[in-house]
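Okay, structure first, notes after.
Keep in mind that the numbers below use all heavy atoms, side chains included, and drop hydrogens, waters and symmetry copies. Just so you know, ligand 1 is whichever comes first in the structure, and atom 1 is the first atom listed for that ligand.
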Amino acid sequence: MSDVVYDVVVVGAGVEGSAAAYYLAKRGKKTLLLEQFPLPHSRGSSHGQSRITRKAYQQDFYTEMMHEATDVWRQLEKEAGWEVFSQTGFIAIGKYKGNYLDNNASSLQRNNARFEYLAPQDFRRRYPMLRYPDDYSCVADPEGGILRADKALLAYQAMFQKYGGRLIDGAKVTNIRRGNIVTLETPNASYRGRSVIICPGPWASHILRPLGVKLPLKTMRITVMYWKERDNDRHTPSKLHPFYDHGVRGCRGHDVYGFPSEEYPGHVKICLHYGPEIDAEFRDQADDKWAIDLMKEYVREHFPGLEPSPSIVETCIYTNTPDEHPVLDYIPGSRNIVIGVGFSGHGFKLSPVVGKVLGQLACGEKPSYGLNPFRIDRFPLQASL
Ligand SMILES: Cc1cc2nc3c(=O)[nH]c(=O)nc-3n(C[C@H](O)[C@H](O)[C@H](O)COP(=O)(O)OP(=O)(O)OC[C@H]3O[C@@H](n4cnc5c(N)ncnc54)[C@H](O)[C@@H]3O)c2cc1C
């Protein structure tokens, strides 16, 4: 074991761990980031080319965070020298005057964010490529848009190293020993830190269980589907904004989200916000034909300008908590081991603020945001020391 004691060791170089590592190194903390796979990899939750970002949330605490997150995305792209965030605008789709759209509008209003709440006839006029019932509309969030996921992840990791951080990939943490100085074992070496931040994504149970912590997390394989635009069709959705449809009607009550054609020109990305439960180590054993069938019905009904079968299918993983809010907290019994997990399919956009608050917790500081919705003790811990 080396004599080096890091201020903070971060486990997991997905977007949340990388954001925390970037935040700490930029503040001059001696930081080590450990990743189990050779980078880059596509086995977790942070790979791919696009993620939606939006200030439109039903809960004020997220809308509030998104102001700072948006500023950090801009800062990060300046530092890295490449584009990370494309501000295209975003729309939340739902029943006009229903709870979902009303809550989004209220949260945006209370947090001084710009928005438009369209009447149904204006929704139909502005988005002729969509076919929804007459009482449907949207809340338009002009400050939302598309995050270039792979480029954002690379920017965090490159800037982390530029600020003096050390990144070791291909280093799976197999054991964490608690103490004033925490020891982390990997097959080839052991590392020590005054504090540790664990951002394990879908491998959470593998790393938490030996620490005596069991959270009610559900890992789901998400089928990412791309749908080809029909040639010269008047419904071709080229002017579409990234959207989130709060599944009141279709898809057996599950939500759906999508992006205009970009990553694969001529193909629109539309996905079900739900999937079969898996273990991350056996991800491709799950059957997702039912999810594709459900989405075929959805696309046929709401997107007449698209071919009714997906032309490209990829996969990714969600790690969900029962209330779909992450856990950002110390693990029970240790004030120097922090966990960030359970981002429930919406954590990419939040990562600048998540990285900051995890970093603040690891440094024993008061976090800049109220973390009550993210406390670990809101779930009965099914095992403890
Ligand atoms: C299809 C899809 C679409 C999404 N769309 C959006 C969206 O539009 N907007 C949005 O905001 N969010 C979205 N999300 C969610 C967002 O991408 C995730 O919330 C986020 O990427 C989670 O990052 P993470 O760092 O927690 O997990 P991961 O990216 O999985 O990172 C965890 C890392 O920890 C490593 N690790 C685990 N155990 C160990 C160990 N023992 N030792 C060393 N390393 C370890 C893993 O290898 C992995 O690299 C989407 C997710 C998916 C899958």
Pair Gln109, Tyr117: side-chain N/O donor-acceptor within cut-off below 3.5 Å: no

Kindly print each ligand 1 N/O atom paired with any protein N/O atom under 3.5 angstrom away, one pair per line, or none if nothing qualifies.
{"unit_1": "ligand 1", "atom_1": "8 (O)", "unit_2": "Ile52", "atom_2": "N", "d": "2.7"}
{"unit_1": "ligand 1", "atom_1": "9 (N)", "unit_2": "Ile52", "atom_2": "O", "d": "2.9"}
{"unit_1": "ligand 1", "atom_1": "11 (O)", "unit_2": "His346", "atom_2": "O", "d": "3.2"}
{"unit_1": "ligand 1", "atom_1": "11 (O)", "unit_2": "Phe348", "atom_2": "N", "d": "3.1"}
{"unit_1": "ligand 1", "atom_1": "11 (O)", "unit_2": "Lys349", "atom_2": "N", "d": "2.9"}
{"unit_1": "ligand 1", "atom_1": "11 (O)", "unit_2": "Lys349", "atom_2": "NZ", "d": "2.8"}
{"unit_1": "ligand 1", "atom_1": "12 (N)", "unit_2": "Gly347", "atom_2": "N", "d": "3.4"}
{"unit_1": "ligand 1", "atom_1": "12 (N)", "unit_2": "Phe348", "atom_2": "N", "d": "3.2"}
{"unit_1": "ligand 1", "atom_1": "14 (N)", "unit_2": "Gly345", "atom_2": "O", "d": "3.3"}
{"unit_1": "ligand 1", "atom_1": "17 (O)", "unit_2": "Ser45", "atom_2": "O", "d": "3.0"}
{"unit_1": "ligand 1", "atom_1": "17 (O)", "unit_2": "Arg51", "atom_2": "NE", "d": "2.9"}
{"unit_1": "ligand 1", "atom_1": "19 (O)", "unit_2": "Gly347", "atom_2": "N", "d": "3.1"}
{"unit_1": "ligand 1", "atom_1": "21 (O)", "unit_2": "Ser45", "atom_2": "O", "d": "3.1"}
{"unit_1": "ligand 1", "atom_1": "21 (O)", "unit_2": "Ser46", "atom_2": "OG", "d": "2.8"}
{"unit_1": "ligand 1", "atom_1": "23 (O)", "unit_2": "Ser46", "atom_2": "OG", "d": "3.3"}
{"unit_1": "ligand 1", "atom_1": "25 (O)", "unit_2": "Val15", "atom_2": "N", "d": "3.3"}
{"unit_1": "ligand 1", "atom_1": "25 (O)", "unit_2": "Glu16", "atom_2": "N", "d": "3.1"}
{"unit_1": "ligand 1", "atom_1": "29 (O)", "unit_2": "Ser45", "atom_2": "N", "d": "3.3"}
{"unit_1": "ligand 1", "atom_1": "29 (O)", "unit_2": "Ser46", "atom_2": "N", "d": "3.1"}
{"unit_1": "ligand 1", "atom_1": "29 (O)", "unit_2": "Ser46", "atom_2": "OG", "d": "2.4"}
{"unit_1": "ligand 1", "atom_1": "30 (O)", "unit_2": "Ser45", "atom_2": "N", "d": "3.0"}
{"unit_1": "ligand 1", "atom_1": "30 (O)", "unit_2": "Ser45", "atom_2": "OG", "d": "3.4"}
{"unit_1": "ligand 1", "atom_1": "34 (O)", "unit_2": "Cys199", "atom_2": "O", "d": "3.3"}
{"unit_1": "ligand 1", "atom_1": "41 (N)", "unit_2": "Val173", "atom_2": "O", "d": "3.0"}
{"unit_1": "ligand 1", "atom_1": "42 (N)", "unit_2": "Val173", "atom_2": "N", "d": "2.9"}
{"unit_1": "ligand 1", "atom_1": "44 (N)", "unit_2": "Gln36", "atom_2": "N", "d": "3.0"}
{"unit_1": "ligand 1", "atom_1": "47 (O)", "unit_2": "Glu35", "atom_2": "OE2", "d": "2.6"}
{"unit_1": "ligand 1", "atom_1": "47 (O)", "unit_2": "Gln36", "atom_2": "NE2", "d": "2.9"}
{"unit_1": "ligand 1", "atom_1": "49 (O)", "unit_2": "Glu35", "atom_2": "OE1", "d": "2.6"}
{"unit_1": "ligand 1", "atom_1": "49 (O)", "unit_2": "Glu35", "atom_2": "OE2", "d": "3.2"}
{"unit_1": "ligand 1", "atom_1": "49 (O)", "unit_2": "His41", "atom_2": "NE2", "d": "2.8"}

side-chain hydrogen bond (donor to acceptor under 3.5 Å, both in side chains) partners for Gln360, two or more places apart: Ser368

Residue pairs, two or more places apart or on separate chains, that pass salt bridge (charged side-chain N to carboxylate O under 4.0 Å, His left out) and touch residues 316-336: Asp323-Arg378

Residues Glu185 and Thr174: side-chain donor-acceptor under 3.5 angstrom: no

Side-chain donor-acceptor contact under 3.5 Å, Asn111 with Asp60: yes

Sequence neighbours excluded, every pair satisfying salt bridge (charged side-chain N to carboxylate O under 4.0 Å, His left out) that has a member inside residues 34-50: Arg43-Glu281

